[in-house]
Number of protein chains: 4
Amino acid sequence: MKNRKGRKGEESRKRLLKVAANEFSIRGFHDTKVSTIVKRAGLTQPSFYLYFPSKQAIFEELITDFHSRVRHLTESLLLESGIKQTDVSNRVLSAVETVFQFLAADLDLTRIGFFLNPDAKQMKKDLAMVLKDNLEAEQRLGYFRSDLDMETVAECLIGIIEHLTDSHLLPGSKDPASLAAQVVNLLIYGMLPNQGALQKRGDIR
Amino acid sequence: MKNRKGRKGEESRKRLLKVAANEFSIRGFHDTKVSTIVKRAGLTQPSFYLYFPSKQAIFEELITDFHSRVRHLTESLLLESGIKQTDVSNRVLSAVETVFQFLAADLDLTRIGFFLNPDAKQMKKDLAMVLKDNLEAEQRLGYFRSDLDMETVAECLIGIIEHLTDSHLLPGSKDPASLAAQVVNLLIYGMLPNQGALQKRGDIR
Amino acid sequence: MKNRKGRKGEESRKRLLKVAANEFSIRGFHDTKVSTIVKRAGLTQPSFYLYFPSKQAIFEELITDFHSRVRHLTESLLLESGIKQTDVSNRVLSAVETVFQFLAADLDLTRIGFFLNPDAKQMKKDLAMVLKDNLEAEQRLGYFRSDLDMETVAECLIGIIEHLTDSHLLPGSKDPASLAAQVVNLLIYGMLPNQGALQKRGDIR
Amino acid sequence: MKNRKGRKGEESRKRLLKVAANEFSIRGFHDTKVSTIVKRAGLTQPSFYLYFPSKQAIFEELITDFHSRVRHLTESLLLESGIKQTDVSNRVLSAVETVFQFLAADLDLTRIGFFLNPDAKQMKKDLAMVLKDNLEAEQRLGYFRSDLDMETVAECLIGIIEHLTDSHLLPGSKDPASLAAQVVNLLIYGMLPNQGALQKRGDIR
DNA sequence: TATGAATGAGCCTTCATTCAT
DNA sequence: TATGAATGAAGGCTCATTCAT
């Protein structure tokens, strides 16, 4: 009832974030003008500064948003991988698909957090480390070749995800599920035509 | 009249390009100031406009430079792949290493052409197509699994190269040869511990 | 309708005046922000305009306050000087001390009315005139050197009071009584080591 | 011959300083707009920033100017006082007159350095200390009453100078010489009608 | 070939003030 | 009596670019 610090303000703030995300995503930081954000949000410039101390600040808030979502994602991936599963490739597939799904959920934010964020490098490195830990655990269980450097594998995966996100997810030309399937099929079985793999491939899709 | 042969002028021009490449690479387009470029090049602002019609123009010239180098690269890759080779994996390895070497040759230019260039997407797509053609040819010869969509494979490779360039080549933490070896080992043989591959892997490293 | 008797309102108004005086005194007119005043007074911006039509207005009200207090002061000084006193120097001393005491009573207001007020010049001139009249009266009675231009003397006194207020009263490093004593001792007897004065000086301190 | 860093720029810079001094002096810091300064100097806004990094900076340069002039003044006063002179009052008179003349030389700068400068207090304190040292030296020689606290005397003198500057020098209603004469006459001989002084007073004016 | 000097255009930000409740 | 939300108006500053020499 005493919903102080009102509803309307909260909505204006959200609208600003939404519009800003879109503008940044399309135009990048510098070519995004506060005046445009505000116009699209149906407000005037001073109102912007009612909710955010600066243009830089709203940009960083979006990045932080993305960051915390990424954290949740990695946590859920860890949980998932903790659960015993018989089929490794299905495990990996599901993880990769989850990531693509996550990245597809808010394209503007993904562009900002993944491609515009000047500190994206670090974040990707963190992500790679989580992946690496998972992969190494499974490697120790004999599910993966023991001579692979899982750090590099993780980084390759990140690179793949990054690029496919940019080239197919953001433009909307492919969906998370099929991207994941193809990536995992490639990484798990490799490019060589080896017989044993062919049967298992059926399991994935 | 438009005697473009003045020795001094030509040198000033080159200095500007060099410095600009470095500034753009470090700071990005917007945060690079013409005033800084000319200062570092030992010139004054009007001199800049003696050689380039605008800041945009020098940026684009650098991108075009990179572009034409990329074209040479792909041509040489095509040639290379035309030559018959017995070992596929070595063929791929050599190609990937060539690419990494190319990207390592001029880091500033690589950052600009590969990461700052707003049209990098298209260029990467072109590159992917060349790769794809190569791969499909070999696929038809039975060297690669027939169920793989080589376009996606090509894109994955691009993604990997892109990311490893950003995370290890530009910072100088790994060299082209070892990066190539690891990537190819992964892609060719996959992650599963399959027996047949183990012997061949020895060929690469 | 315009029932100005609301207790709470009256208190809010007073709080605003108090806080504003302090802020103006510390920061000056321009660097004092309405937003700060209301925050410190525990109110919101629109409330401010319930009590004062503008920032300028509250500033002027403070100045007017100071003004009217000054008027009371000068009146009391006139009364005092009307009373016959045998010792001139004690008369002067008492007057000067009264002034210092007055200025010390509300330091914020003194800073505003005396140093920040753009019309302080006029007010000081008025004050000087009152002083001058007093001094000239006593001069005619032979208490002071007849060749002195009492207008200048009055202005010197004002200048002294002004400066000592700024340098010692506002920071609290000296008290009104001792400041007054020193000033009057100087002005009455001058700087030269002349015999006759030495005895009388004892009267002052 | 090689008068690099040209004449024209130097002139623009000086014009800006001149105009700025006048604007600040009339309007104070906040109400002085860069746009006005620049307009009056026959330039456009960006040119301003060719010569000064900010509005604050030009203000501070003016203050620093004033400061260094004050330093020269005090040095010359020290020199002067070193020279043996028979008549103390003439010594003091000459010093005070020099100060008034100095303050009258550039009224805009005086207003800025003396009244607008937020650090004027410190500067006045420094000035007072120089005066005090001088006065105490003469006091030890028996020229002044030994019971006077010369620090206070110095401060009174500063206060007088300050006020008369504000009330008569800046408006141009009195000249340095006559102001000095009256001030010194008052301070040296005091207000009481004492015989001995009357002859000497003739020396001053 | 080069530069000292200058500017057009525009963006971010601030602040006193008001509207609607 | 009070406030959440919003704004009109303006100012400082930056930067790519040009003029005149």
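Within every chain, numbering begins at 1; the chains are lettered A, B, ... in the order of the sequence lines, protein sequences first and strands thereafter.
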Legend entry - Gap between atoms CD and P, on Glu10(D) and dA5(E) respectively (whole Å): 8 Å

Inset, instruction - Considering only NZ, NE, NH1 and NH2 on the basic side and carboxylate oxygens on the acidic side, decide whether Arg13(D) and Glu61(D) come within less than 4.0 Å. - result: yes

Inset, instruction - Name the nucleic acid region contacted by Leu50(A), choosing base, sugar-phosphate or nothing; use a 4.0 angstrom heavy-atom cut-off, strictly under. - result: base

Legend entry - Sequence-distant partners of Asn22(C), side-chain hydrogen bond (donor to acceptor under 3.5 Å, both in side chains), two or more places apart: Arg40(C), Asp108(C)

Inset, instruction - Check whether the side chains of Asp31(C) and His30(D) place a donor and an acceptor atom closer than 3.5 Å, and report yes or no. - result: yes

Inset, instruction - To the nearest Å, give me how far apart CD1 (Ile37(A)) and P (dT13(E)) are. - result: 11 Å

Legend entry - Value in whole Å for how far the P atom of dC15(E) lies from CG of Asp31(D): 14 Å

Legend entry - Atom-to-atom span, CZ of Arg15(C) to P of dT1(F) - whole angstrom: 13 Å

Inset, instruction - Applying salt bridge (charged side-chain N to carboxylate O under 4.0 Å, His left out), name anything that partners Lys124(B), two or more places apart in sequence or on another chain. - result: Glu162(B)

Inset, instruction - With sequence neighbours excluded, tell me which residues meet ring-ring contact (aromatic ring centres under 6.0 Å, His included) with Phe59(A). - result: Phe24(A), Phe29(A)

Inset, instruction - Compute the bend angle of the helix from dA2(E)-dT21(F) to dT21(E)-dA2(F) from the end axes (five pairs per end), rounded to 10°. - result: 30°

Inset, instruction - Would you please confirm or rule out a distance under 4.0 Å between OP1 or OP2 of dA6(F) and any side-chain N or O of Ser47(A)? - result: no

Legend entry - Distance below 4.0 Å between Ser12(D) side-chain N/O and dA5(E) OP1 or OP2: no

Legend entry - B/S/- contact track for nucleotides 16-21 of chain F, protein heavy atom under 4.0 Å: SBBB--

Inset, instruction - Output all residues satisfying side chain to side chain contact (heavy atoms under 4.5 Å, CB included) with Thr64(B), sequence neighbours left out; order by chain, then residue number. - result: none

Inset, instruction - Would you kindly give the NZ-to-P distance between Lys39(A) and dA6(F), to the nearest whole Å? - result: 18 Å

Inset, instruction - Tell me, please, which residues at least two apart from Lys18(C) pass salt bridge (charged side-chain N to carboxylate O under 4.0 Å, His left out). - result: none

Legend entry - Interatomic distance, Phe52(A) CZ vs dT14(E) P [rounded to whole Å]: 15 Å

Inset, instruction - Tell me, please, which residues at least two apart from Ala105(B) pass side chain to side chain contact (heavy atoms under 4.5 Å, CB included). - result: none

Legend entry - For Arg71(A), salt bridge (charged side-chain N to carboxylate O under 4.0 Å, His left out) partners two or more places apart: none

Inset, instruction - Using atom CG of Leu43(B) as one end and atom C1' of dT1(E) as the other, report the distance to the nearest whole Å. - result: 10 Å

Inset, instruction - Would you mind classifying the nucleic acid contact of Tyr51(A) as base, sugar-phosphate or nothing, using non-hydrogen atoms under 4.0 angstrom? - result: sugar-phosphate

Legend entry - Protein-nucleotide distance (Ile58(A), atom CD1; dT13(E), atom P), rounded to Å: 11 Å

